[in-house]
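Below: the structure, in structure tokens.
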Amino acid sequence: MIDVRALKDDPAYRAGAEAKGVSADLLDELLAADDTRRGLQTEVEEMRATANASAKEIGKAAPDEREAKIAAASELKAELGAKEAVYSEASAKVDELILQVPNPAHESVPTGDEEAFEVVEVVGGTPDAPPLDHAAFGEAMGWTDNELGAAVSGSRFAYLKGAAVLLELALVQWTMQKLVARGFTPVIPPVLVREEMMVDAGFFPTDRNQVYEVNEDELFLVGTSEVPLAGMHRGDRLDAAELPLRYAGFSSCFRREAGTYGKDTRGIFRVHQFDKVEMFIWSSPEKSWEEHEMLRTIEQEIINDLGLPHRVINVASGDLGNAAAKKYDCEVWLPSEGRYRELTSCSNYTDYSARRLKTRAKGDDGTELVHTLNGTACAVGRTLLFLFEHWQQPDGSFVVPEVLRPFCGLDTIAPLA
RNA sequence: GGAGAGGUGGCCGAGCCAGGUUGAAGGCGCUCCCCUGCUAAGGGAGUAAGGAUGGAAACGUUCUUCGUGGGUUCAAAUCCCACCCUCUCCGCCA
């Protein structure tokens, strides 16, 4: 949820919203609606003050005066009820409009649509495709089985088998240890959450069609542990001195991938279920941009340690999504496709999400909303697939990246006979 | 799944059955002041959050909030309904 006051008073804030493609008309309409609402609020509150006062008087009044006073108060109440109806209508209007306004883009974000991104850094080259692409290699090694997945659960489900499972778990354990060393608290959160949590985390109503629902219990499978991590301090008033709070969540993630028919159908690039280590930070407003850079640094370090050539882009305003004020995508070179594909990303939501979550921090300068940030430490399945292409050898064997060896007890894996 | 108890301010805890001077007794904690050679003990004062509004500010006015959302009433922590959560016992279970 945006800050209407800032929208009114801060031209830069408003410009950031417009950079995201919000029409000036919508913003003006919102400001007007908010004005109307506040005016009505004052009126309603004045009437309530009168009503409250007369109710108190009745309590103190002599028995013979009561009848008359109650009658008068009754009349007041009817008037108040009518005014309240008008007010709540005006309120609903504001709510409806405010939800349509995304978090304004930060000034350092390039303005424009998807293509307008800015390349921040390029690391490593753009090697040629190996003999087998990631999907074929996974199958050839007996590591992935999409056919079996489809038979048991449907398309976009896969089995992961053999050494790939050890690699998967090694990736998880390795990233977790790295994050713990950086002050993150490891968390395995619930993956089924209530509707209200989805709403507060900002995924509903916009992304509702991407989410699996367990009807019987009115629970929803999370598409990312960002959701339950955001729930950890919902409604809390934190101590500003203990910020930033950094959490590293590990969970399976579930996505319906509605509307992606025919896209990325090979292998495990885009599947309904995958594991992910996610970073989530509650930061003071003053430090959030530093934290954002730190998230990017960690993501690049992980990618570099795995020997993956990549680039980082500063995502353009029109492609940011609702909540992010700024987002970096780390895109790894996928040789078989001859292009960079997204592996991880990190966003600063500033106070957009915290406003709905009602997470504030109390410090010497009073209480203020915190900033929330999130980033992918390791999207495990997708990471594996990049490794399949980059660490596949001409003889069909697979070399395990150095950093993972202590975690899986493997170094070179021979092809199946 | 069955039976019962309960959710009140930073924390503990009264109030609820008999609705009104209770935004909430009392205690703990915290802040400031006094006393004290230091510490301990003691005395005094203060101490919920969020919103709107006035003010440069200090601060003032007002609304909302006693798990959440509705309802009854001139008036709800207190009565009614629904939901959420916690605890105890029984059953079941990785």
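Naming: A, B, ... by sequence-line order, numbering from 1 per chain.
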Separation between the [atom1] atoms of [N] and [M], rounded to whole Å:
| N | M | atom1 | result |
| --- | --- | --- | --- |
| B:C33 | B:C85 | C1' | 43 Å |
| B:C84 | B:U47 | P | 39 Å |
| B:A76 | B:A94 | C1' | 47 Å |
| B:A52 | B:G46 | C1' | 27 Å |
| B:C11 | B:G70 | C1' | 31 Å |
| B:G71 | B:A77 | P | 15 Å |
| B:U78 | B:G7 | P | 12 Å |
| B:C90 | B:U8 | P | 27 Å |

Over 60° means perpendicular and under 30° means parallel, so tell me whether [X] and [Y] are parallel, tilted or perpendicular.
| X | Y | result |
| --- | --- | --- |
| A:H292 | A:W289 | perpendicular |
| A:H272 | A:Y212 | perpendicular |
| A:Y247 | A:H233 | tilted |

Sequence neighbours left out, what passes salt bridge (charged side-chain N to carboxylate O under 4.0 Å, His left out) with A:K77? Give chain and number order.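 So A:K77 forms no salt bridge (charged side-chain N to carboxylate O under 4.0 Å, His left out) with any residue.
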Lys/Arg cation over aromatic A:F269: A:R382, 6.0 Å, 45° cone: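 Yes, A:R382 lies over the aromatic ring of A:F269.
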Closest heavy-atom contact between [X] and [Y]?
| X | Y | value |
| --- | --- | --- |
| A:S336 | A:E389 | OG-OE2, 2.6 Å |
| A:A248 | A:M176 | O-CE, 3.3 Å |
| A:V370 | A:R360 | CG1-C, 3.9 Å |
| A:N314 | A:S108 | ND2-O, 2.9 Å |

RNA chain B: 5'-most and 3'-most nucleotides touching chain A, 4.0 angstrom heavy-atom criterion: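 Terminal contacting nucleotides, 5' to 3': B:G10 to B:C85.
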I want to know whether A:F204 and A:F220 have ring centres closer than 6.0 Å.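 Ring-ring flag for A:F204/A:F220: true, centres closer than 6.0 Å.
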Looking at residues at least two apart in the chain, or sitting in another chain, which of them share a side-chain hydrogen bond (donor to acceptor under 3.5 Å, both in side chains) with A:S23?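 None.
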Does anything in residues 73-87 of chain A reach RNA chain B, meaning a heavy atom under 4.0 Å, and if so which residues?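 When residues 73-87 of chain A is checked for heavy atoms under 4.0 Å from RNA chain B, the hits, listed by number, are A:A73, A:S74, A:K77.
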So if I take residues 49-59 of chain A and measure heavy-atom distances to RNA chain B, which residues fall below 4.0 Å?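 Per residue number, the list reads A:A49, A:N52, A:A55, A:K56, A:I58, A:G59.
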Closest-nucleotide 5' rank along RNA chain B - winner of A:T367 and A:I70: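 On the 5' side of the pair lies A:T367.
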Between A:R360 and A:V44, just flag the one whose closest nucleotide in RNA chain B comes earlier from the 5' side.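 Counting from the 5' end, the first nearest nucleotide belongs to A:R360.
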Report yes if some heavy atom in the side chain of A:K276 is under 4.5 Å from a heavy atom in the side chain of A:S251; otherwise report no.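 Not in contact.
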Within a strict 4.5 Å, meaning less than it, do heavy atoms of the A:L410 and A:R405 side chains meet?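 When only atoms from C-beta onward are counted, A:R405 and A:L410 do not touch, as no gap falls below 4.5 Å.
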Verify the distance criterion only: is there a donor paired with an acceptor across the side chains of A:Y328 and A:E299 at less than 3.5 Å?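 No pair is found: no donor N or O on one side chain lies under 3.5 Å from an acceptor on the other.
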Under the rule of Watson-Crick or G-U wobble with both distances under 3.5 Å, where | means paired to another strand and [ ] a crossing pair, RNA chain B maps to ((((((((.[[[..)....(.....]]]((((((.......))))))(((((((....))))))).[[[[[..)....]]]]])))))))....
